[in-house]
Amino acid sequence: MNPLYFDYAAATPVDAEVLAAMQPYFAEKFYNPSAVYLQAHAVRSELEQARASVALILGAKPAEVIFSAGGTEANNLAISGVMSQYSEANIVVSAIEHEAVLAPARSYDCRITPVKPDGRIDLAALEGSIDEKTVLVSAMYANNEIGTIEPLHDIAKLVKAVRRQRAASGNPLPLYLHTDACQAANYLHLLVNSLGVDLMTLNAGKIYGPKQCGALFVKTGVKLLPQIKGGGQERGLRNGTENVSNCVGFTLALQKAQNLREVESERLHDLQQQMLNQVKQKLPQAILNGSLEHRLPNNIHLTLPGQDNERLMMLLDERGIQVATGSACSAANTEPSHVLKAIGLSDEAAQSSLRITMGRGTTSQSIGTLIDTLADIL
Ligand SMILES: Cc1ncc(COP(=O)(O)O)c(C=O)c1O
């Protein structure tokens with residue numbers, strides 16, 4: 001029997017149509033898009049069509065879309081691409097960012113700004129964290145562990161107000177807003193102007209597309225230094241022969257995710273409610289972490305007091321159910337999650353917590369099996 005999968009925040013299976021769209025670029029249309037013969041030109045034009053389609057979804061210009069090898073790489077380009085130009089400047093990041101933001105940010109003068117107990121960025125604290133030397137604020141669109149949707153609009157307003165003050169006081173330093181939208185693209189709109197962001201990271205591997213593929217939106221006028229230097233591809237910002245197959249797959253995956261966004265959000269929201277009702281009845285000791293109101297519809301994050309989450313995860317795995325104890329990239333890390341610590345959980349509570357993330361394959365029946373099995377184990 002196939003295992004029941006509840007770890008869609010870690011990886012999504014590649015959609016069958018996406019896989020089919022990628023297939024021709026391996027052996028048939030394998031050409032280097034920078035080569036000059038006709039077939040290579042055709043591949044270049046398909047790559048540029050893909051870029052234009054991504055741009056359309058973001059309400060951006062094609063030249064503002066830089067394809068990358070995944071979310072980590074796009075985050076590194078955004079952060080180091082800005083910060084490496086300024087020796088005296090600082091960066092402000094939220095306490096619940098993914099390591100793919102935190103790690104590059106720590107290479108610079110990095111200020112961590114707190115979140116409230118519901119996992120949303122504390123705007124007053126953020127305002128206090130930004131000073132006259134801040135050039136970049138990085139605040140994720142939605143969190144990968146507790147599914148919290150962050151108040152990006154309000155953050156963008158704050159950033160704009162600081163820019164106005166700087167212009168008035170003659171401070172020439174820019175202030176940019178970056179958002180990591182890796183977990184958001186299945187469920188939230190991605191219109192960059194309405195969000196008010198200057199840089200936005202996308203990740204194909206979380207939206208039923210290929211892994212090691214994504215994009216960085218770079219607003220016109222934002223200057224970045226490349227982190228991977230070479231032959232000038234991607235406007236010189238991400239050098240190396242383009243992976244056209246991945247870019248085409250990513251683009252179709254993004255189109256499908258955004259077309260399905262409302263229907264799938266509604267369906268998963270119903271399943272989320274069902275799961276919470278069953279948790280209340282069958283696991284009354286469980287505590288939900290993170291905001292319920294401002295939450296991705298596919299995320300349930302529970303603390304089960306007194307339980308060891310590693311043990312629970314393994315017992316569920318033995319019964320054919322796959323859940324996570326934290327983010328997959330830090331699954332080997334035995335330290336309690338920095339996200340759970342940031343919302344005020346003790347080490348012990350953090351290590352008694354499970355992340356359950358749903359996706360296209362999740363059904364009402366699979367939820368019932370998960371909760372009954374968990375109740376049985378407990
Ligand atoms: C919010 C967020 N940012 C960045 C990443 C990194 O993506 P990747 O490992 O695909 O490069 C992930 C993946 O877990 C994520 O959830």
Side-chain angles (χ1 to χ4, degrees), residues 5-14 18 66-81 91 93-106 115 119-121 136-150 152 155 177-188 190 195 197 199-217 227-228 238 240 243 246-247 249-250 253-254 257 290 294-299 301 322-333 337-340 342-343 355-359:
Y5 185 63
F6 287 99
D7 201 12
Y8 285 88
T12 47
V14 175
V18 168
I66 303 298
F67 286 117
S68 74
T72 300
E73 193 184 278
N75 282 343
N76 272 266
L77 175 58
I79 289 165
S80 294
I91 172 170
V93 300
S94 90
I96 60 164
E97 295 302 309
H98 191 276
E99 270 303 315
V101 162
L102 289 173
R106 282 190 211 104
V115 295
R120 298 193 97 210
I121 292 170
L136 185 59
V137 171
S138 184
M140 67 204 318
Y141 197 177
N143 181 263
N144 50 297
E145 286 190 46
I146 53 175
T148 313
I149 301 169
E150 295 299 328
L152 260 193
I155 295 170
L177 176 59
H178 166 249
T179 193
D180 176 346
C182 287
Q183 293 290 341
N186 284 320
Y187 310 112
L188 304 175
L190 298 172
L195 291 170
V197 296
L199 296 151
M200 180 165 77
T201 295
L202 295 171
N203 190 341
K206 310 290 187 190
I207 57 169
Y208 306 86
K211 293 175 188 64
Q212 285 278 309
C213 184
L216 183 67
F217 159 73
Q227 302 305 302
I228 298 173
R238 199 293 178 186
N243 187 335
N246 267 359
C247 297
F250 165 49
L254 187 65
H294 303 283
R295 190 184 199 94
L296 292 177
N298 75 325
N299 177 293
H301 196 288
Q322 296 163 331
V323 298
T325 55
S327 70
C329 51
S330 55
N333 187 345
S337 145
H338 69 280
V339 174
L340 299 182
I343 58 169
R355 178 182 75 178
I356 299 163
T357 49
M358 304 182 281

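We count ligands from 1, going down the list as the structure has it; atoms in each ligand are counted the same way.
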What is the ring orientation for Tyr208 with Tyr8, classed by angle as parallel under 30°, tilted 30 to 60°, or perpendicular over 60°?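 Ring orientation, 0 to 90° scale: tilted.
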Considering only heavy atoms of [X], which atoms of ligand 1 have at least one such atom less than 4.0 Å away?
| X | result |
| --- | --- |
| Met140 | 1 (C) |
| Thr72 | 6 (C), 7 (O), 8 (P), 9 (O), 11 (O) |
| Asn203 | 7 (O), 8 (P), 10 (O) |

Would Glu150 and Ser94 count as having a side-chain donor-acceptor pair, cut-off 3.5 Å?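 No donor-acceptor contact under 3.5 Å links the two side chains.
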Go through the side-chain N and O atoms of Asn299 and Thr357 and say whether any donor and acceptor fall under 3.5 Å apart.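 On atom types as modelled, these side chains do not qualify, holding no pair under 3.5 Å.
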Main-chain N/O of Ala204 paired to Lys211 side chain as donor or acceptor, under 3.5 Å: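 Side chain of Lys211 to backbone of Ala204, a donor-acceptor pair under 3.5 Å: no, none is there.
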Should Glu73 be counted as touching ligand 1, given the test is an N or O pair under 3.5 Å?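 In fact, backbone or side chain, Glu73 has no N or O that close.
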Under 3.5 Å between any N/O of Asn144 and any N/O of ligand 1: does that happen in this structure?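 N/O-N/O distance below 3.5 Å does not exist for this pair.
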With a heavy-atom distance limit of 4.0 Å, tell me whether Lys211 approaches ligand 1 through its side chain, its backbone, both, or neither.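 It is neither part, as no heavy atom is under 4.0 Å.
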Taking atom 4 (C) of ligand 1 as the point of reference, which of Asn76, Asp180, Thr179, Asn143 owns the nearest heavy atom?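 Closest candidate by heavy-atom distance is Asp180.
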Does some side-chain heavy atom of Leu136 sit less than 4.5 Å from a side-chain heavy atom of His178?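 His178 vs Leu136: side chains touch.
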Check whether any side-chain heavy atom of Thr12 lies under 4.5 Å from a side-chain heavy atom of Ile207, and answer yes or no.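 A side-chain contact under 4.5 Å is absent here.
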